[in-house]
Each structure stands twice: as C-alpha cells, then as structure tokens.
Amino acid sequence: MSKVLILGAGYGGLAAAVKMQKAKIPFTIVNKHSYHYFTTLLHEPAGGRNDFEPYSVELSEVLKGPEATIVKDEIKGIKPAEKKVIGKNGEHSYDYLIYALGNAPEFFGIPGLQEHSLLLRSLETAKEIRSHIEENFAAYAADKDPSRLRIVVGGAGLTGVELCGELAEYLPHLASKYRVPDNKIELINLEAAPTILPMLDQRLQETALEVLTNKGVQVRTNEKIVRVGENEVELATGEKINARTIIWTGGVRANPLLSEAGFDCDPRGRAKVNEFLQSVDYPDIFVIGDSSCFIGEDGRPLPPTAQLAGQMGDHVVDNLQALMKGEPMKKFVFNYMGTLASIGAEVGVGNVKGFRAKGVTASLMKEASKAKWLINLGGLSLLAKKNKQFTKSY
Ligand SMILES: Cc1cc2nc3c(=O)[nH]c(=O)nc-3n(C[C@H](O)[C@H](O)[C@H](O)COP(=O)(O)OP(=O)(O)OC[C@H]3O[C@@H](n4cnc5c(N)ncnc54)[C@H](O)[C@@H]3O)c2cc1C
C-alpha cells in the first residue's frame with residue numbers, strides 16, 4: 001500500500017484529507033496544531049466580534065475514519081530525493097506527498113516592519129491583536145498617551161479591509177469598557193496602491209471605501225510605508241505616525257520550505273506546478289494552495305485564496321488516485337466563484353459569479369460560504385454546533 005502524506009490542515013490540505021477519507025484511501029496528515037482554524041474569518045475574533053472558540057475545529061472531529069492518521073508536528077524541511085520530510089518531532093516518509101503548508105508574510109524589505117508589526121494569520125495571532133489593543137485601551141487611563149488609541153493597519157486588500165471593518169465596530173465598545181473618549185480613537189488603513197480591494201471592480205471599491213469611511217476608518221491610499229520603528233510608521237512623504245498598534249496585512253509569499261529544498265519557485269517562493277498540480281521537479285509531490293504557482297488562463301499565477309486551495313485539495317485526490325492506478329490525470333481548472341469582503345458584522349461588498357453584491361446581501365453570502373465549508377468538513381451537525389457558538393462577545 002502506497003504511503004500518502006499530506007502536509008498542512010488548512011483549506012487545501014484539509015479539503016484533500018476529507019476527500020481521501022471519503023474515497024477510503026489511507027493517509028497521514030501532519031499539521032502544526034491539532035485543529036484547523038478558519039483563516040478567512042480571523043478578522044472577526046481579532047476585531048472583537050466573537051470569542052475564539054467557534055473559529056477552529058479539532059482535526060479528530062473531521063477526520064474520524066480509519067483511513068486517517070493525524071500527526072501533530074511542525075515541518076522543518078523536505079528531502080524530496082529521500083522521499084521524506086523532517087519534523088520537529090521526527091521524520092515522516094512518503095510515496096506521494098501533498099504539500100499544503102500555506103504562506104508566510106511578505107514584508108517587501110521594509111525596514112522594521114517584521115520586527116514591529118502584528119500579523120493576522122492564525123488563531124494565536126488573532127488573539128495577540130485583540131489583547132494588544134485591549135491592553136493599550138486599558139493602559140490609556142494611566143498615561144493618556146494618544147498613541148495607545150491609534151491603530152495603523154497596513155494593506156487594504158481583503159484582510160486589511162475586513163479587519164478595519166470589524167475594529168471600527170468593536171473599538172467604541174472597548175472605549176466605553178475602559179472609559180476612553182471615543183473621539184480620541186484613530187483607525188488608519190494605509191495602502192500603497194491607488195485603490196483598495198484590487199480584486200473588485202471600481203464601483204465595489206468605491207462602495208467599500210464609503211462604508212469604511214462612514215464607520216470612521218481613515219483610509220489613505222497612495223501611502224507607501226518606508227520604515228517601521230517601535231510604535232512608529234514612516235511614510236514615503238516623510239510623515240511619521242505614532243501608534244502602539246501596527247498591523248501588517250500587505251502581502252504573502254509561499255512557506256519558505258519549498259525554496260529552501262531547492263524546488264523551482266516563482267519570485268514569491270511558490271513551487272511551480274504542472275496542469276495536474278504536480279511539482280515540475282518531482283512528479284510524486286503535489287503542491288496546492290498558497291504554496292503553489294499555478295498559471296491561469298491569463299498566463300499569470302492564480303492569486304492565493306481559500307477557494308483556490310479548497311478546489312485544488314479536492315482535485316489533487318482524483319489525480320493522486322489516477323497516478324496510483326497508472327491512469328491519465330485530469331488538468332486542474334479553477335472555477336472562480338467570486339470574492340466577498342465583509343465590512344463589519346452586517347455589511348459587505350463583493351461579486352459572485354459576475355454579479356455585484358453589496359450591504360446585507362453580500363454579508364449573507366459570506367455567511368453562506370462559511371456554512372458551505374463547515375458542511376464540507378463535518379456535515380450539518382458541525383454547522384449546527386458552530387452556529388450555536390457564534391454568539392456576539394460585545
Ligand atoms: C483574515 C483573512 C481573510 C481572508 N479571507 C479570504 C476570503 O474571504 N476568501 C478567500 O478565498 N481567501 C481568503 N483569505 C486567504 C486564505 O485564507 C488563504 O488563501 C488560504 O488559507 C490558503 O489555504 P492553504 O491551504 O494554502 O493554507 P492555509 O489555510 O494557511 O493552511 C496551512 C496549514 O499549514 C499549517 N502549517 C504551516 N506551516 C506549518 C509547518 N511548518 N508545519 C506544520 N504545519 C504547518 C498551518 O497551521 C495551516 O493549518 C483570507 C486570509 C486572511 C488572513
């Protein structure tokens with residue numbers, strides 16, 4: 001029996017594991033945590049909307065079948081020539097590997113950015129953001145330092161905009177909890193490009209900008225961050241902004257293990273794959289999700305998203321089965337469903353299959369995509385369980 005190893009239990013790796021389980025093919029999945037977290041929703045608990053519990057699910061709750069072996073380990077290296085990967089706790093060998101370790105932050109060489117900014121990329125980092133902001137609001141009473149109430153979010157893509165939308169609703173509640181004057185709160189969203197949400201059309205970008213502005217967010221486009229110091233952001237114009245909370249959402253690259261292992265990668269560190277999602281270097285390794293450089297119809301790599309990772313995870317299992325049986329594999333074709341951005345709990349913007357959606361409609365559609373993922377993982381019972389947990393925390 002061939003040994004199939006899946007690295008990563010995010011959107012790509014877990015989609016593959018769920019399908020392997022349904023197909024009754026034995027596999028081992030290795031992940032840093034014993035749980036899967038809902039990365040696409042992390043802005044919600046980071047921005048105070050709910051408690052953290054609903055945003056993850058134990059892998060053992062999803063992968064219950066005898067086919068699944070779950071291993072908690074942190075992968076430190078890949079040795080493709082020896083068909084093994086090196087973890088913190090030991091080595092893991094394979095006949096076929098599905099690599100789905102996601103991304104790493106991209107700091108674009110901006111001095112001080114890595115050292116002095118918070119990131120939104122896991123359950124732990126979401127908790128860090130929330131407690132850091134709360135600690136500063138709590139400490140304001142003692143020193144009245146205005147930089148404690150100033151929050152800078154770098155990047156106005158999906159993550160930055162969604163986080164600002166949440167924070168704009170949450171901060172007034174935090175202000176009243178700590179008796180902070182809410183007219184002293186400043187939430188600044190800095191973006192180097194001329195527009196926010198580049199994946200949406202101009203009308204939707206304008207709607208999102210209006211919603212954010214009405215919620216009190218200072219959205220500043222064409223503002224390039226050139227340096228970050230402790231509690232200070234410096235812009236290309238020379239302006240310096242003092243803020244105790246600096247959050248970077250401006251870019252991602254692939255997990256560095258691929259380039260370190262000598263895979264043929266694009267400039268963002270993503271391993272180049274063929275039309276079947278196999279690494280161009282090693283046919284026994286499939287690379288999916290944010291780590292994969294798959295060239296789309298326009299000749300450019302497809303942008304990293306959860307919907308892409310999920311579809312790749314699903315497809316890769318068909319190809320793996322074909323490869324094992326010596327049958328022809330199928331080309332991967334991405335079915336773009338659209339993009340939805342929530343801006344706070346009740347409104348959003350986006351497009352779904354070419355149709356524009358705004359306000360409550362977009363927000364409800366985002367909820368529907370959340371439900372779809374939960375049903376895929378654990379059926380209606382998981383959806384019902386999670387829905388009970390999603391109770392507002394303020
Ligand atoms: C706040 C936010 C909002 C987003 N919203 C959307 C959205 O609305 N729609 C959308 O399509 N996309 C969205 N994205 C992007 C989306 O989350 C990613 O594209 C998606 O998670 C990529 O899936 P993946 O399987 O490649 O990686 P991930 O989902 O990141 O999974 C990687 C897994 O590998 C594990 N791991 C990493 N390194 C190691 C290691 N060394 N050893 C062991 N395990 C490891 C991680 O813990 C994780 O479980 C959003 C991202 C963020 C941060």
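Residue indices begin at 1 and follow the sequence shown. As the structure is a computational prediction, the values presented were derived from the model and not from experiment.
- Ring geometry for His33 versus Tyr35: interplanar angle under 30°, hence parallel rather than tilted (30 to 60°).
- Of the residues Lys325, Lys331, Lys19, the one that meets the salt bridge (charged side-chain N to carboxylate O under 4.0 Å, His left out) test with Asp318 is Lys19.
- Here the shortest heavy-atom pairing between Gly48 and Arg130 reads CA-NH1, 3.6 Å.
- At distances below 3.5 Å, at least one donor-acceptor pair connects side-chain atoms of Ser176 with backbone N or O atoms of His173.
- Atom CG of Leu308 sits about 7.0 Å away from atom OG of Ser292, to the nearest 0.5 Å.
- The aromatic ring centres of Phe263 and Tyr282 sit less than 6.0 Å apart.
- The side-chain hydrogen bond (donor to acceptor under 3.5 Å, both in side chains) test with Ser342 is passed by exactly one of Lys370, His43, Glu367: His43.
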Take Val57 and Lys385, measure what side-chain contact (heavy atoms from CB on, under 4.5 Å) needs, and give me the verdict at the end.
CA-CA 10 Å; Val57 59; Lys385 181 178 166 188; over 6 Å; no
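- With hydrogens and angles disregarded, a donor-acceptor distance shorter than 3.5 Å links the side chain of Gln278 to the backbone of Pro283.
- Pairing each heavy atom of Leu59 with each of Ala9, the nearest pair is CD2-CB, 3.6 Å.
- A salt bridge links Lys177 with Glu134; the closest basic N to acidic carboxylate O contact falls under 4.0 Å.
- With respect to Ile225, the side chain to side chain contact (heavy atoms under 4.5 Å, CB included) criterion is satisfied by exactly one of Ile241, Ile246, Leu190: Leu190.
- Residues Leu101 and Tyr37 share a single hydrophobic cluster, defined by chaining ILVMFWY side chains whose heavy atoms lie under 4.5 Å apart.
- Side chain of Glu166 to backbone of Arg49: no donor-acceptor contact under 3.5 angstrom is found.
- Without hydrogens or angle criteria, Thr249 side chain to Gly154 main chain gives a donor-acceptor distance under 3.5 Å.
- Remark: Ile6 CD1 to Thr69 OG1 distance equals 10.5 Å, nearest 0.5 Å.
- To the nearest 0.5 Å, atom CG of residue Leu209 and atom CG of residue Asn214 are 9.5 Å apart.
- Checking side-chain atoms of Gln307 against main-chain N and O of Gly338 turns up a donor-acceptor pair under 3.5 Å.
- Looking at every heavy atom in both residues, Val226 comes nearest to Pro111 through O-CD, 3.2 Å.
- Under the 4.5 Å side-chain contact rule for hydrophobic residues, Met324 and Tyr99 share a cluster.
- You'll find the ring centres of Tyr140 and Tyr178 outside the 6.0 Å limit.
- Remark: Glu74 CD is packed, more than 12 non-hydrogen atoms of other residues, nucleotides or ligands lying under 6.0 Å away.
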Is there a side-chain contact (heavy atoms from CB on, under 4.5 Å) between Val153 and Ile188 once you walk through the steps?
CA-CA 6 Å; Val153 176; Ile188 305 167; over 6 Å; no
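- Leu42 and Trp248 are assigned to two separate hydrophobic clusters, defined by single-linkage of ILVMFWY side chains at heavy-atom distances under 4.5 Å.
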Test salt bridge (Lys or Arg N to Asp or Glu O under 4.0 Å) on Arg220 and Glu239; report intermediate values, then the result.
CA-CA 13 Å; Arg220 296 173 56 177; Glu239 183 187 351; 2.6 Å; yes
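- With Lys24 contributing its side chain and Gln21 its backbone, the two residues share no donor-acceptor pair below 3.5 Å.
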Should Asn103 and Arg268 be marked as a side-chain hydrogen bond (donor to acceptor under 3.5 Å, both in side chains) after you check the CA-CA gap, both sets of side-chain angles, and the distance that decides it?
CA-CA 10 Å; Asn103 63 49; Arg268 287 268 171 115; over 6 Å; no
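- Linking ILVMFWY residues whenever their side-chain heavy atoms come closer than 4.5 Å, directly or via other members, places Leu123 and Ile70 in the same cluster.
- Between Lys88 and Asp73, the closest heavy-atom pair is N-OD1, 3.0 Å.
- Partners of Glu115 according to the side-chain contact (heavy atoms from CB on, under 4.5 Å) rule, which considers only residues two or more places apart in sequence or in another chain, do not exist here.
- A donor-acceptor pair is defined here as one N or O able to donate and one able to accept, closer than 3.5 Å; no such pair exists between the side chain of Gln114 and the backbone of Phe107.
- Contact record, Thr305 with Asp290: N-OD1, 3.8 Å, taken as the closest heavy-atom pair.
- Contact annotation: the side chain of Ile29 never approaches that of Met20 to less than 4.5 Å [non-hydrogen atoms, C-beta and beyond].
- Judged by a 6.0 Å distance limit and a 45° cone about the ring axis, Lys388 is not positioned over the six-membered ring of Phe390.
- A side-chain hydrogen bond (donor to acceptor under 3.5 Å, both in side chains) with Ser93 is found for one member of Lys83, Lys3, Lys79, Glu82 and no other, namely Lys3.
- For His36 and Tyr11, the gap between ring centers is short of 6.0 Å.
- Taking CZ of Arg148 as the start and OG1 of Thr245 as the end, the distance is 9.5 Å to the nearest 0.5 Å.
- For the pair Ile196/Thr221, a side-chain contact is recorded, criterion being any heavy-atom separation below 4.5 Å from C-beta on.
- In this structure, the side chain of Thr125 engages the main chain of Arg121 through a donor-acceptor pair within 3.5 Å.
- Ion pairing between Lys366 and Glu44 fails under the 4.0 Å rule for side-chain N and carboxylate O.
- Of all heavy-atom pairs between Ile375 and Leu380, the closest is CD1-CD2, 3.8 Å.
- Counting heavy atoms of neighbouring residues, nucleotides and ligands inside a 6.0 Å radius, atom CD of Glu124 exceeds 12 of them.
- Side-chain atoms of Asp314 never come within 3.5 Å of backbone atoms of Ala16 as a donor-acceptor pair (strictly under, hydrogens ignored).
- Between Ile129 atom CD1 and Ile247 atom CD1 the span is 4.5 Å, to the nearest 0.5 Å.
- Both Leu323 and Leu7 are part of a single hydrophobic cluster, where members link through side-chain heavy atoms under 4.5 Å apart.
- Between the CG atom of Asp266 and the NZ atom of Lys272 there is a distance of 7.0 Å, given to the nearest 0.5 Å.
- Around atom CD of Glu346, no more than 12 heavy atoms belonging to other residues, nucleotides or ligands sit under 6.0 Å away.
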Could you go through the side-chain contact (heavy atoms from CB on, under 4.5 Å) check for Thr28 and His92 one step at a time?
CA-CA 9 Å; Thr28 298; His92 311 273; 5.6 Å; no
Audit row: Asn351, Leu200, side-chain contact (heavy atoms from CB on, under 4.5 Å) steps and yes/no:
CA-CA 7 Å; Asn351 66 57; Leu200 297 181; 3.6 Å; yes
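- Remark: the backbone N or O of Leu197 is paired with a side-chain donor or acceptor of Gln205 at under 3.5 angstrom.
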Stepwise, does the side-chain hydrogen bond (donor to acceptor under 3.5 Å, both in side chains) test hold for Asn50 with Tyr55?
CA-CA 9 Å; Asn50 294 305; Tyr55 294 92; 2.6 Å; yes
